[in-house]
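Chain letters run A, B, ... following the sequence lines, proteins first and then strands; every chain starts at 1.
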2 protein chains.
Amino acid sequence: MTTQIKPNKKEVTREKNQKLILDAAEQLFSQLGYDGASMSMVAKEAQVPKANILYYFKSKDGLYESVIDRIIANWNLGLDNVTINDDPATVLYNYIKSKVILAVNQPMQSRLFASEILRGAPYLQNYFRTNTRPWVKQKVDVLQAWMDADKMDKIDPYHLLFTIWSTTQYYADFQAEVLLVMNKLEYDETDVAQITQSIAHIILKGIGLKIPEQSET
Amino acid sequence: MTTQIKPNKKEVTREKNQKLILDAAEQLFSQLGYDGASMSMVAKEAQVPKANILYYFKSKDGLYESVIDRIIANWNLGLDNVTINDDPATVLYNYIKSKVILAVNQPMQSRLFASEILRGAPYLQNYFRTNTRPWVKQKVDVLQAWMDADKMDKIDPYHLLFTIWSTTQYYADFQAEVLLVMNKLEYDETDVAQITQSIAHIILKGIGLKIPEQSET
DNA sequence: AGCTTTACTGACCAAAAGGTCAATTACTAA
DNA sequence: TTAGTAATTGACCTTTTGGTCAGTAAAGCT
């Protein structure tokens, strides 16, 4: 028999319920913001008594923090293991592409982060300091090395990163505006390619690179 | 004597008070969002009885709408009177520059719009449909004409506009993140030029243009 | 001056917010 | 089986919310 380490019904149901609650909370917080979503709404959405949520998460703040923590845990900043020897065009193209795919297909998390940052990032400050900042520092170094080796134009690498983030996340965070301006109801299958192409063209060419030959993924 | 058309004390004080209230509301809504800011906070900030706000603006919704209306009234979408005969590089460079200046110096309004769009733009839908959409259409036509005349690269003009909007607004809406990542407390005098330079370099070169010689404003 | 009308606001209200708690219902381990 | 512990939740609490309203003050008009 497979050595089960205590099936432990309690833990199982707790984790099941917590997931239910976190899913509902994630959706509501990203849709309505921290203040816009209420505990009773989350309770109703998760089909769980409100007191149960408080029992698991102590407070609304606690719930919100757990939602953010869970997102961060599954968060991939991308651009892993990039080194000076990699080809800038390929690396950046793939980064842009993956960010566009994320923005179009999973806008909720991006929007939750956006509304958090809009409010001054009270819960994300620590994350930015301990995770994003070192991550950025490292990428900036690689970008700088590429520039020093004349592989690409010399521009402020921070602003280059901000440019990539802003252009890609825009399609998640400002989806409502994009769709209204383009007179669409939702993104269609061709949009990801369209958006990736446009952004990659501008940014890559803009820093002196060529869009790499594609390349199925 | 100057022909005064009724100094009318009533109207004067009403307008003065309304301005007080709208200023306070604009600040609080942009800082805390619609749900995060309460009527009593606005009242306290504006140093006016809460009932007075309700008297002027009927409801919280009414106040919020008035705040948005006032912003829109003073809103300049920029790129006015652009024609096919203008020089794309100059026009776009100036547009980017003006948007960066706005983002760095007046981030509040940008953030209010951002949080409004994040929530699905309930109050801005109409504005987008009746104002932004036609505005965009017109600019898109000019951009397209420039492309057809081989004055710049052929890319989707909508996405080009989104790129300009996203990169510039980013410094207002995501100011907290930018500052945390760059380890700064606030933007300094050199930042506007830095940011403008970086964005303009990427975008203009990215669409086959050269940054125009500057040019004091 | 006095009368009318509009502007204002303190006191109040119902609803909803986040949160507590005592009582009940599971589980688990002996 | 059962005692002990942890999980669960309905009822309840306080505070705050957006909003009303009746009474008062202040113009405006003749």
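Between A:Thr13 and D:dA7 there is no side-chain N or O to OP1 or OP2 distance below 4.0 Å.
Counting any heavy atom pair closer than 4.0 Å across all strands shown, B:Ala37 reaches sugar-phosphate atoms only and no base atom. Using a 4.0 Å heavy-atom criterion, one finds that B:Phe57 contacts no nucleic acid atom at all.
Between B:Phe29 and B:Leu63, the closest side-chain pair of non-hydrogen atoms falls below 4.5 Å. Within the 4.5 Å cutoff, the side chain of A:Val181 has heavy atoms near those of the B:Phe162 side chain. Side-chain contact between B:Gln138 and B:Leu79 is absent, with no heavy atoms from C-beta onward closer than 4.5 Å.
Both A:Arg14 and B:Lys60 sit near DNA chain D, but only A:Arg14 has its closest nucleotide nearer the 5' end.
Rounded to whole angstrom, the span from the CG atom of A:Asn17 across to the C1' atom of D:dA6 amounts to 15 Å. In this structure, the NZ atom of B:Lys50 is 21 Å from the P atom of C:dA7, given to the nearest Å. What separates CD of A:Gln18 from P of D:dA7 is a distance of 10 Å, to the nearest Å. Atom-to-atom, CD of A:Gln47 to P of D:dT8 comes out at 16 Å; the value is rounded to the nearest Å. Rounding to whole angstrom units, NZ of residue B:Lys44 and C1' of D:dT16 are separated by 14 Å. For A:Lys58 and C:dC21, the NZ to P distance is 13 Å, given to the nearest whole Å. When the P atom of D:dT16 is taken as reference, atom CG of A:Asp35 falls 15 Å away, rounded to whole Å. Here the C1' atom of nucleotide C:dC8 and the OH atom of B:Tyr56 are 8 Å apart, to the nearest Å.
By the 30° and 60° cut-offs, the orientation of the rings of B:Tyr34 relative to B:Tyr123 is tilted.
Residues A:Lys60 and A:Asp35 are not paired through a salt bridge, judged by the lack of any N-O separation under 4.0 Å between the basic side chain and the carboxylate.
Nearest to the side-chain atoms of B:Ser59 among the listed nucleotides D:dG19, D:dT8, C:dC8 stands D:dG19. Minimum atom distance to the side chain of B:Met39 is reached by D:dG18, of the listed C:dA17, C:dC8, D:dG18. Among the nucleotides C:dT9, C:dC8, D:dG10, the one closest to the side chain of B:Ala51 is C:dT9. Side-chain proximity of A:Tyr55 to the nucleotides D:dC21, C:dC8, D:dA7 is greatest for D:dA7. Residue B:Ser38 has its side chain nearest to D:dG18 when only C:dT9, D:dG18, C:dG19 are considered. Residue A:Leu54 has its side chain nearest to C:dG19 when only C:dC8, C:dG19, D:dG19 are considered. Closest to the side chain of A:Asn52, from the set C:dT9, D:dT8, D:dA7, is D:dT8.
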